Amino acid sequence: MLVASLGSPCNSTPRRRRSPTHRLARSRIGALHPTAKPAIATAFLIVWCAIGVGLVLCVPAARGSSLFGATLPFWLVAAPLLDLGWLKRASLRRLLREQSTRMRRRRALIRQ
């Protein structure tokens with residue numbers, strides 16, 4: 001898919017080990033100067049998914065047939081949603097963690 005193919009380049013040469021201070025400096029640089037590439041990719045995937053949903057809803061031939069199966073709806077709708085989930089996995093994980101703590105607190109209040 002789009003993100004999976006760009007995620008980790010395959011190199012045959014081993015990577016050089018770096019010190020933990022280098023990693024810390026690198027993370028600080030990344031925090032100070034965020035790139036616009038994830039925002040552009042997210043916007044692109046949202047537009048791709050919106051156009052795909054519109055096509056699947058409005059064009060009956062785009063819904064799949066016995067000849068193509070369900071591959072066209074997958075590439076128009078499901079693939080960009082999977083890529084968005086991959087790009088936003090940290091925020092989705094945080095959201096699920098917050099929801100689970102809220103549910104536990106509600107259960108504890110109900111049991112009292």
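Here the structure is a predicted model, which means the values were calculated and not measured. Index from 1, following the sequence.
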**Student:** Roughly how far, to the nearest 0.5 Å, is the CD atom of Gln99 from the CE atom of Met103?
**Tutor:**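 Between Met103 CE and Gln99 CD, I get 8.5 Å after rounding to 0.5 Å.
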**Student:** List the residues meeting side-chain contact (heavy atoms from CB on, under 4.5 Å) with Arg89, not counting sequence neighbours, and say none if there are none.
**Tutor:**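 Arg89 satisfies side-chain contact (heavy atoms from CB on, under 4.5 Å) with Trp86, Arg93 once adjacent residues are dropped.
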**Student:** Indicate, with yes or no, if Leu81 and Leu57 share a hydrophobic cluster defined by side-chain heavy-atom contacts under 4.5 Å among Ile, Leu, Val, Met, Phe, Trp and Tyr.
**Tutor:**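 Looking at the clustering, Leu81 is in the same group as Leu57.
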**Student:** With sequence neighbours excluded, what pairs up with Val47 under the side-chain contact (heavy atoms from CB on, under 4.5 Å) test?
**Tutor:**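 Once residues adjacent in sequence are excluded, the partners of Val47 under the side-chain contact (heavy atoms from CB on, under 4.5 Å) criterion are Ile51.
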**Student:** Of the non-hydrogen atoms in Leu72 and Ala62, which two are nearest, and what is the gap between them?
**Tutor:**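 Distance-wise, the nearest heavy atoms are CD2-CA, 3.7 Å.
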**Student:** Using the side-chain contact (heavy atoms from CB on, under 4.5 Å) criterion, which residues pair with Arg104? Sequence neighbours excluded.
**Tutor:**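 Arg104: side-chain contact (heavy atoms from CB on, under 4.5 Å) contacts with Ser100, Thr101.
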**Student:** When rounded to the nearest 0.5 angstrom, what is the spacing between CG in Asp83 and CH2 in Trp48?
**Tutor:**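 Here the interatomic distance stands at 6.0 Å.
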**Student:** So which atom in Leu87 and which in Ala41 form the shortest heavy-atom distance, rounded to 0.1 Å?
**Tutor:**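 Closest approach of Leu87 to Ala41, heavy atoms only: CD1-CB, 4.0 Å.
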**Student:** Measure the spacing between CG of Leu76 and OG1 of Thr71 and express it to the nearest 0.5 Å.
**Tutor:**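 Here the rounded value is 9.0 Å.
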**Student:** For the residue pair Val56 and Arg63, what are the closest heavy atoms and their distance?
**Tutor:**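 Smallest heavy-atom distance, with atoms named: O-NE, 2.8 Å.
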**Student:** Report yes or no: do Leu84 and Leu92 belong to one cluster of Ile/Leu/Val/Met/Phe/Trp/Tyr joined by side chain heavy-atom distances under 4.5 Å?
**Tutor:**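 Cluster IDs for Leu84 and Leu92 differ.
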